[in-house]
Amino acid sequence: MKKLLLTITIVIYNSICYSQIEDAWVFFKDKPDANSYLSNPLLMLSQRSIDRRNTQNIAIDTKDVPVDQYYYTQIKNSANIEVLAKSKWMNSVYVRGEQTVIDGLSNTFTFIEKIDYANKSLNSKPATKKESKTLVYQNKFENIETDFNYGVAENQVTMLKSDFLHQNGFTGDGMYIAVIDAGFPGVDTHDGFKRLRDNNKILGGYDFVNRTPNFYTGHNHGTLVLSDIGGYIENSFVGTAPDASFYLFITENVNKEEPLEESLWVEAAERADSLGVDIINTSLGYSVFDNASYSYSYQDMNGESTYISRAAEIGVSRGMILVNSAGNSGNSAWKYITAPADAPSVLTVGAVNANENIASFSSFGPTFDGRIKPEVLAQGQSTYVISNNFANPSISSGTSFSSPVMAGAVACFWQAFPTYTNMEIMQRIKESADRYNTPTDQHGYGIPNFEQAYMVLSNDADVIKNDLQIFPNPAKDIVNIHSNIREFDITVINLQGEIIDKKKTTKSINIDNLAQGMYILQLETDDNVQRKKIIKL
């Protein structure tokens, strides 16, 4: 009898010692109160957010409805479960607990659709074989080298011809930008942000890591990033959108690298959307985590595998432009972009130096499924920033800074053409880039020319006369067609002059069956013929 008791004790002891704590996303089947919210959208979105959607003909749908409170409470009150984040877009919560306890949730609650573990080997779908990787983030921002320097930001602004937009009165005024980052110390005190403070351009923010409204804390990476958009020191420094308004959100825990940060980012992006933000800048990316079993492989960089990238696509579908740094891994064993830079509709930004040469650290594309990434480039090597540690501008390097330099320029450009959709604005920016017809894995489409993009939208005859727009371009499958002409013929022609396809008035055309290369898309009416080049990826 004693021997049996001893055996049982040992089994219980081993179970306790080797109990595995895991992180997971718990997805719900539905939103029972959806109709109530959809009939009263101001319960979940600001009027500015609704107006942004109306301008772009975007319908409010169930993704905008909050997670059901009953579902959330039931999970939160479950024994030995921590609920650390939630997402209405993904209709899910992020939990931490013993694997056996998390597994048991599905048996307890019928409203659960599925559970995805951060450790993908625990999911029912076979895990993707991973490439071996070296931890590259030990200090997440170690590639950012700051030296005290009394420079000006002229080169990084004029490289994109953002100064042309400023000269024409487009400085970001009326545009809302959310910066999602690691912290913003000094933004409330430094003279480089005094212009924002004096003009009430800091609209608010939140620290999602510590669940506190104090966002003037944390790592100063966010401070540096913000400066390249909205910083201003008279006769010394001007950001690319000095008159924009800002929300500042902390989602990055600089002391850890864990999938929870993806969920915190999604919470911040949802908050930004509901507040009516136009543009989100994110100078962050995820591939390798502290727990190696949670890490992503290059195969996961397909725009669909990671939680954050799937959510980013939803963010763009709400009518926002999401600008994301490509990453600083160009010289590393992992040389590729990271999530959410792999998301199809995110504008991913690589880095060049002051002479417009590619920065060696700038991460490579393409995505695993073969899409061009990064799409565009801006100065990210020896970029001027405003640091809370110095009175005057200093120099830093990283795609962390090419991204906000670009985000500010995008804001000014969209300010100039507010009736255009987010997708149309991004397409025009890509088309203005210096390598648009000859993209590479590290350059993408190259450096945009915002003066050229402005002139195209202002003076292009087929925009003014007929409002013909095609996007995306290049495209892999579907090309969307927008024109104010009610009836026309659309013809796809190859470079040998052969007709490949012809249709009557349509809003889109499928080119999935075409070979890669360049084609002519011809729009024809009784008295007009217009042609556009399209590239099939």
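Using a 4.0 Å cut-off between charged side-chain N and carboxylate O, D23 and R96 make a salt bridge. Here R53 pairs with D64 in a salt bridge; the nearest charged N to carboxylate O distance falls below 4.0 Å.
S283 places no side-chain N or O within 3.5 Å of a backbone atom of S325 that could act as its donor or acceptor partner. Judged by distance alone, with hydrogens and angles left aside, the side-chain atoms of E270 form no donor-acceptor pair with the main-chain N or O of S87 at under 3.5 Å. A donor-acceptor pair is defined here as one N or O able to donate and one able to accept, closer than 3.5 Å; such a pair exists between the side chain of Y94 and the backbone of L260. At distances below 3.5 Å, at least one donor-acceptor pair connects side-chain atoms of N422 with backbone N or O atoms of V316. Side-chain atoms of T240 come within 3.5 Å of backbone atoms of D228 as a donor-acceptor pair (strictly under, hydrogens ignored). At least one donor-acceptor pair under 3.5 Å links the side chain of D342 to the backbone N or O of G303. Side chain of S305 to main chain of M301: no donor-acceptor pair is present (N/O by atom type, distance under 3.5 Å, no hydrogens or angles). Within the 3.5 Å criterion, the main-chain N or O of H190 finds a donor-acceptor partner in the side chain of R197. Judged by distance alone, with hydrogens and angles left aside, the side-chain atoms of N324 form no donor-acceptor pair with the main-chain N or O of T348 at under 3.5 Å. Side chain of T223 to main chain of P185: a donor-acceptor pair is present (N/O by atom type, distance under 3.5 Å, no hydrogens or angles).
Between L322 and T282, the closest side-chain pair of non-hydrogen atoms is not below 4.5 Å. Using a 4.5 Å cut-off on side-chain heavy atoms (C-beta onward), S309 and E304 make no contact. Side-chain contact check for I112 versus I75: some heavy-atom pair is nearer than 4.5 Å. Using a 4.5 Å cut-off on side-chain heavy atoms (C-beta onward), L264 and R211 make contact. A 4.5 Å side-chain heavy-atom check between I250 and T217 finds at least one atom pair inside the cut-off. For the pair T108 and Q74, the minimum side-chain heavy-atom distance is 4.5 Å or more. Within the 4.5 Å cutoff, the side chain of D207 has no heavy atoms near those of the N214 side chain. Looking at heavy atoms from C-beta onward, S403 lies out of side-chain contact with V225 at the 4.5 angstrom threshold.
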Under the criterion side-chain hydrogen bond (donor to acceptor under 3.5 Å, both in side chains), I'd like the reasoning laid out for Y384 against N392: C-alpha separation, chi angles, the key distance, then a yes or no. CA-CA 10 Å; Y384 283 102; N392 296 300; over 6 Å; no

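Within 6.0 Å of the NZ atom in K194, the count of heavy atoms belonging to other residues, nucleotides or ligands does not exceed 12.
Using a 30° and 60° split on the angle between ring planes, F289 and Y286 fall in the parallel class, below 30°. Below 30°, between 30° and 60°, or above 60°: for F249 and Y247 the angle between ring planes is below 30°, a parallel geometry. Classification of the Y71-F111 ring pair by plane angle, with boundaries at 30° and 60°, yields parallel.
A pairwise comparison of heavy atoms in A272 and I280 identifies CB-CD1, 4.0 Å as the closest pair. Nearest heavy-atom pair, G315 versus W89, reported as atom, atom and distance to 0.1 Å: CA-CH2, 3.5 Å. Of all heavy-atom pairs spanning A85 and S263, the tightest one is CB-CB, 3.7 Å. Residue I177 comes nearest to A244 through the heavy atom pair CD1-CB, 3.7 Å, listed as atom of the first residue, atom of the second, then distance. E257 and E252 get closest at one heavy-atom pair: OE1-OE2, 3.4 Å.
Here the CG-CZ distance, from L45 to R318, works out to 9.0 Å after rounding to the nearest 0.5 Å.
A cation-pi geometry, defined here as NZ or CZ lying under 6.0 Å from the six-membered ring centre and within 45° of its normal, holds between R48 and Y176.
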